[in-house]
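Note that this is a predicted model, so its numbers are computed, not measured.
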Amino acid sequence: MKKLSLIICVLCIGIFLYSCKKESKSVNTNNKITYQNLNFKNQATNLNNLKVDEGGGTIVEWDEWGRKKKQCKGWGLCNAVWFPKKDTNRVSNYSASLNFDPLTGTYYIDILLSEPMPSPIPEELLNIPIDENFTIFTKEVVGRDLIFETGIYQFNESLDEFGGYRIYLK
């Protein structure tokens, strides 16, 4: 009788552990990785290393992700503004420094992750879309206004420590 009780007890514990393990697996697979799970560097804190005469010191900021086709909601970029001063008191959700590539004569921003991208990278995060051109008014700083062009910008693992997205401006 004691053996039968022991076997039943062990069997119940095994069933309990199996069901908990199965439940935790289903919870993990239902936790879909989206852009909201990603953490990006706020580059407004790195102003001291930027060269103002090459566009550095200009911070491009935006408050939310979004696509024009989705009323500036979802994963994409639909607007941004610039701040040419070394103003660390201004806080924005997201920011990137404006950089200049002297070889191509092109300005760009790097949107950098502050921690590793989940592996494998979810397909929806491989690219960041811009549905419509939009302008940032930088004439005062770089001599002309710059345009974020419509396009799909790919995730680049080699940018900075954890990768990111490089967007060239026209």
**Report entry** Validation row: Asn79, Val81 side chains within 4.5 angstrom (heavy atoms)
**Finding:** no
Query raised in the report: Between Ser97 and Ile109, is any pair of side-chain heavy atoms under 4.5 Å apart?
Result: no
Query - ILVMFWY cluster, Tyr107 and Phe134 together (side-chain gap under 4.5 Å) - result: yes
Requested in this report: Could you tell me whether the side chain of Leu77 reaches within less than 4.5 Å of the side chain of Ile167, counting heavy atoms only?
Outcome: yes
Query raised in the report: Between Trp75 and Pro129, which heavy-atom pair has the shortest distance, and what is it?
Result: O-CG, 3.3 Å
Query raised in the report: Do Ile128 and Phe148 share a hydrophobic cluster (ILVMFWY, side-chain heavy atoms under 4.5 Å, transitive)?
Result: yes
Report summary line: Residues pairing under side chain to side chain donor-acceptor pair (under 3.5 Å) where one sits in residues 65-74, two or more places apart or in two chains, turn out to be Trp65-Tyr94, Arg67-Asp131
**Report entry** Cluster overlap Phe162 with Tyr153, hydrophobic side-chain contacts below 4.5 Å
**Finding:** yes
Query raised in the report: Rounded to the nearest 0.5 Å, how far apart are CZ of Arg166 and OG1 of Thr106?
Result: 11.0 Å
Query raised in the report: Shortest non-hydrogen contact from Asp101 to Leu103?
Result: OD1-N, 3.0 Å
Report task. Start with the C-alpha distance between Trp62 and Phe40, add both sets of side-chain angles, then the distance that settles ring pair (Phe, Tyr, Trp, His ring centres under 6.0 Å), and finish with yes or no. Result -> CA-CA 12 Å; Trp62 58 102; Phe40 295 91; 8.2 Å; no
**Report entry** side-chain contact (heavy atoms from CB on, under 4.5 Å) partner of Thr135, chosen from Asp145, Leu146, Leu169
**Finding:** Asp145
Query raised in the report: Between Ser158 and Asn156, which heavy-atom pair has the shortest distance, and what is it?
Result: OG-OD1, 2.6 Å
Report task. Please name the pair of heavy atoms, one in Glu61 and one in Ser95, separated by the smallest distance, quoted to 0.1 Å. Result -> CG-CB, 3.8 Å
Report task. Give a yes or no on whether Leu159 and Leu38 share a hydrophobic cluster (residues Ile, Leu, Val, Met, Phe, Trp, Tyr; joining criterion: side-chain heavy atoms under 4.5 Å apart). Result -> no
Requested in this report: Count the heavy atoms belonging to other residues, nucleotides or ligands that lie under 6.0 Å from CD of Gln154, then report whether that count exceeds 12.
Outcome: no
Query raised in the report: Roughly how far apart are Asp160 CG and Lys41 NZ, rounded to 0.5 Å?
Result: 3.5 Å
Query raised in the report: Should Ile130 and Leu126 be regarded as members of a common hydrophobic cluster, given that ILVMFWY residues are connected when their side-chain heavy atoms come within less than 4.5 Å of each other, either directly or indirectly?
Result: yes
Query - Heavy-atom closest contact (Tyr165 atom, Asn127 atom, distance) - result: CE2-C, 4.1 Å
Query raised in the report: How is the hydrophobic cluster of Tyr108 composed, in terms of its other members, when Ile, Leu, Val, Met, Phe, Trp and Tyr link through side-chain heavy atoms under 4.5 Å apart, directly or indirectly?
Result: Tyr168
**Report entry** side chain to side chain contact (heavy atoms under 4.5 Å, CB included) against Thr150, all qualifying residues, sequence neighbours excluded
**Finding:** Asn133
Requested in this report: Answer yes or no: are there more than 12 heavy-atom neighbours, outside Glu115 itself, under 6.0 Å from its atom CD?
Outcome: yes
